[in-house]
Amino acid sequence: MANDSVILRFSEVSFEHGPNKPILDEASFSLRQGSRITLMGQNGAGKSTLFDLIIKQHIPKSGQISITPNDASIAIARQVMPQELLDLTVREFFATAFSEIKYNLDKLIANVFGVVNTNLPLDKKVRQLSGGQQARLLLAHALIQEPDILLLDEPTNNLDAQGIEHLTGFLMMYEKTVLVISHDADFLNAFSDGVLYLDVFTKKIEQYSGNYYDVVEEIKKRIERENLQNARMQTQIREKKSQAEVFAHKGGKLRAVAKRMREAAEDAESEIVTVRQEDKTIRKFNIPVQEFDPFFDGKILEFTSVSAVKDNKMVDKELNLIVRKNNHVLISGPNGIGKSTLLEKIASGKGDGFTIAKDILIGYYKQDFSNFDFEQKAFDALREVMQEYTEQNLRATAASFLLDGKLLDHKIGGLSEGQKGLLSFCRLLLMKPGLLILDEPTNHINFRHLPVIAKALDEYEGAMLLVSHTPDFVTQIRIDEVIDLASL
């Protein structure tokens, strides 16, 4: 439970990534010790940047960030495993959590593995782990420090249902301060008691009490009230101005009346409020399918076997499955069983147990975006997949995914994780693939966009392979076949 002591305070803090990319404009908020707070905001609003300010990786342009007491410890669980840590063993990775040697490190690791519901060989390289296993590792790295302030950046990404359940239970019992960025509404609602909302339009931070759904409803009602007030004021303004015109033309003493009417109209105009703007939502879209030869038989992908990891060993099993045009296949199983490995083999066309039809265009949404060149500009990443390029079409399509001209001119590595996700979907649309491979496509994506994306995938008429640990998302998509790796 939170107490009355403030542990973190932002006082009129301003920050920008260069002169044309403001993130915060005199933003203020405070967190009390023991509070469990959700940080909300549109993709690219600057939520992860806020975390960097808290851990002093960024310095504010103006204002003050204070932590009380000064020696309060902070730990952060990032969204993505840093490249420089991939060649460490699991044990070496956890050793980086401490400034001094921990002689009982293996015992501490075993305890935190119980919290995140995993058990990994300590001598295994981090890069050998699946996306879900790396997500648990990042989370465990923060938890093992038992910090006074725990910062979690999209902690449910790549986690299966059991992993999310264990994390939720831990956070409900954690007695220190937690600040969480997540787009998983049910997860947030289970434990949060307040919300910080980073407004991408005003660059301010709004602070709310209550759980996630309470705040979403409060914001909705606030917008309705502001729109209603403005409608009343606009009516008064029109009436007063119309009356002023009538009296002004009659002359004499009535000109004084006209003046009062104009003043009344000005008073009404001063009461017009700036309506709180909602996060923008991407437009509805369809992913076109590549044009096939008229004599194509529709057979896009054929499986003869699949592999899965059981007890840290690879197990093969026969599988006779033909994936045709307009077939949607869900690949399921717990973290670490080999789902992403299977998708990557198919996307590369290199591996045993499957055959891909000749000349099939493959659109691949990779969960860590490592199939992008992070030094490449976003504009060029879109242009290179277009079969019939026009700049107008590229920019219009990108705008529908909230990628404006400034963002298109950015290197991909400089985009937020959510913006990389939207860039991936935009690229798939422009590519017009025959086979769509999607590995955790809900990761990092604002919850407002998910129904739009689900509808586009549901209506996709090519072949599709999908991995997702978000049941509500999957239920909105037509699934024709399921490959359950856990049943092998």
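What you see below is based on every heavy atom in this structure, not just the backbone, and it leaves out hydrogens, waters and symmetry mates.
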K.L.:
Could you tell me whether the side chain of Gln476 and the main chain of Asp472 form a donor-acceptor pair under 3.5 Å?
P.N.:
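Pair found, side chain donor or acceptor close to backbone of Asp472.
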
K.L.:
So, do Tyr208 and Tyr197 have ring centers that fall under 6.0 Å from each other?
P.N.:
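Distance test on ring centres: not under 6.0 Å, no.
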
K.L.:
Return yes if some donor-acceptor pair links the side-chain N/O of Ser5 with the main-chain N/O of Gln33 below 3.5 Å, else return no.
P.N.:
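A pair under 3.5 Å: no.
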
K.L.:
Considering only NZ, NE, NH1 and NH2 on the basic side and carboxylate oxygens on the acidic side, decide whether Asp123 and Arg91 come within less than 4.0 Å.
P.N.:
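No, this pair does not count.
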
K.L.:
Decide side chain to side chain donor-acceptor pair (under 3.5 Å) for Glu459 and Asn286; before the verdict, give the C-alpha distance in whole Å, the side-chain angles of both, and the deciding distance to 0.1 Å.
P.N.:
CA-CA 7 Å; Glu459 296 175 349; Asn286 293 100; 2.9 Å; yes

K.L.:
If you round to the nearest 0.5 Å, how far is CG of Asn327 from CG of Asp480?
P.N.:
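Answer for the CG-CG pair, Asp480 versus Asn327, is 5.0 Å.
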
K.L.:
Could you check whether Lys204 makes a cation-pi contact with Phe29, meaning its NZ or CZ is under 6.0 Å from the centre of the six-membered ring and within 45° of the ring axis?
P.N.:
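So Lys204 doesn't make the cation-pi contact.
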
K.L.:
What distance do Thr156 atom OG1 and Ile164 atom CD1 have between them, rounded to the nearest 0.5 Å?
P.N.:
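The distance works out to 5.0 Å.
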
K.L.:
Taking Ser192 for its side chain and Thr38 for its backbone only, find out whether a donor-acceptor pair lies under 3.5 Å.
P.N.:
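No: the side chain of Ser192 does not pair with the backbone of Thr38.
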
K.L.:
Side chains of Asn335 and Gln133 only: does a donor on one sit below 3.5 Å from an acceptor on the other?
P.N.:
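On atom types as modelled, these side chains do not qualify, holding no pair under 3.5 Å.
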
K.L.:
Checking the side chain of Asp153 only, and the main-chain atoms of Ala77 only, is there a donor and an acceptor separated by less than 3.5 Å?
P.N.:
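Flag not set: sc Asp153 to bb Ala77 has no pair under 3.5 Å.
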
K.L.:
Do the side chain of Gln134 and the main chain of Val126 share a donor and acceptor less than 3.5 angstrom apart?
P.N.:
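Such a contact is found between Gln134 side chain and Val126 backbone.
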
K.L.:
With a 3.5 Å distance limit and no angle check, can you tell me whether Lys339 reaches the backbone of Gly333 through a side-chain donor-acceptor pair?
P.N.:
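Present.
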
K.L.:
Say whether Ser340 and Ser130, considering side chains only, have a donor N or O and an acceptor N or O under 3.5 Å apart.
P.N.:
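Result is no, nothing qualifies.
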
K.L.:
Check Lys21 with Glu16, please: is the shortest side-chain N to carboxylate O separation under 4.0 Å?
P.N.:
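Salt bridge absent between Glu16 and Lys21.
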
K.L.:
In terms of heavy-atom contacts, does CD of Glu481 have more than 12 from other residues, nucleotides or ligands at under 6.0 Å?
P.N.:
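Incorrect, the count does not exceed 12.
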
K.L.:
Report all side-chain donor-acceptor pairs from residues 50-58 shorter than 3.5 Å, counting only partners two or more places apart or in another chain.
P.N.:
residue	atom	partner	partner atom	Å
Asp52	OD1	Arg78	NH1	2.9
Asp52	OD1	Arg78	NH2	2.7
Gln57	OE1	Arg78	NH2	3.0

K.L.:
Output yes when Glu384 and Arg427 qualify as a salt bridge under the 4.0 Å nitrogen-oxygen rule, no when they do not.
P.N.:
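A salt bridge links Glu384 with Arg427.
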
K.L.:
Assess the pair Phe113 and Phe94: is the distance between their ring centroids shorter than 6.0 Å?
P.N.:
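Phe113 vs Phe94: aromatic centres under 6.0 Å.
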
K.L.:
Does atom NZ of Lys455 have more than 12 heavy-atom neighbours, drawn from other residues, nucleotides or ligands, at distances under 6.0 Å?
P.N.:
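No, the 6.0 Å shell around NZ holds no more than 12 heavy atoms from other groups.
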
K.L.:
Who pairs with Arg395 by salt bridge (charged side-chain N to carboxylate O under 4.0 Å, His left out), at least two apart in sequence or on another chain?
P.N.:
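With sequence neighbours excluded, Arg395 shows a salt bridge (charged side-chain N to carboxylate O under 4.0 Å, His left out) to Glu391, given in chain and number order.
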
K.L.:
Go through Lys125 and Asp87 one step at a time and tell me if the salt bridge (Lys or Arg N to Asp or Glu O under 4.0 Å) criterion holds.
P.N.:
CA-CA 6 Å; Lys125 297 280 190 180; Asp87 288 318; 5.6 Å; no

K.L.:
Measure across Ala308 and Leu485 and return the closest heavy-atom pair with its distance rounded to 0.1 Å.
P.N.:
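Reported closest heavy-atom pair: CB-O, 3.9 Å.
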
K.L.:
Sub-3.5 Å donor-acceptor pair from the side chain of Ser468 to the main-chain atoms of Thr470, do we have one?
P.N.:
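Yes: the side chain of Ser468 pairs with the backbone of Thr470.
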
K.L.:
Check this for me: Lys203, atom NZ, are more than 12 non-hydrogen atoms of other residues, nucleotides or ligands nearer than 6.0 Å?
P.N.:
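Counting neighbours around NZ of Lys203, more than 12 heavy atoms of other residues, nucleotides or ligands fall under 6.0 Å, so yes.
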
K.L.:
State, to 0.1 Å, how close Met172 and Phe191 come at their nearest heavy-atom pair, and which atoms those are.
P.N.:
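Distance-wise, the nearest heavy atoms are CG-CB, 3.7 Å.
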
K.L.:
Using the benzene-type ring in the case of Trp, are the ring centres of Phe369 and His444 under 6.0 Å apart?
P.N.:
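Judged by ring-centre distance (under 6.0 Å), Phe369 and His444 do meet the cut-off.
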
K.L.:
Could you tell me whether a side-chain N or O of Arg448 sits under 3.5 Å from a main-chain N or O of Thr281, the two making a donor and an acceptor?
P.N.:
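Side chain of Arg448 to backbone of Thr281: no pair is present.
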
K.L.:
Roughly how far apart are Leu151 CG and Ile37 CD1, rounded to 0.5 Å?
P.N.:
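Atom-to-atom, Leu151:CG and Ile37:CD1 are 12.5 Å apart.
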
K.L.:
So, Thr442 and His469: side-chain donor and acceptor under 3.5 Å apart, yes or no?
P.N.:
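Side-chain D/A pair, Thr442 to His469: absent.
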
K.L.:
Just by modelled atom types, is the Arg36 backbone N or O under 3.5 Å from a matching donor or acceptor in the Asp193 side chain?
P.N.:
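Checked: pair present.
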
K.L.:
Is there a donor-acceptor pair under 3.5 Å between the side chain of Ser348 and the backbone N or O of Lys350?
P.N.:
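Yes; judged by distance alone, with no hydrogens or angles, the pair exists.
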
K.L.:
Compute both the distance and the angle, then confirm whether Lys102 meets the cation-pi test with Phe98: under 6.0 Å from the six-membered ring centre, within 45 degrees of the axis.
P.N.:
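Lys102 over Phe98 ring: yes.
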
K.L.:
Will you find, in the side chains of Lys366 and Ser370, an N or O donor that is under 3.5 Å from an N or O acceptor?
P.N.:
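A pair is found: one side chain offers a donor N or O, the other an acceptor, under 3.5 Å apart.
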
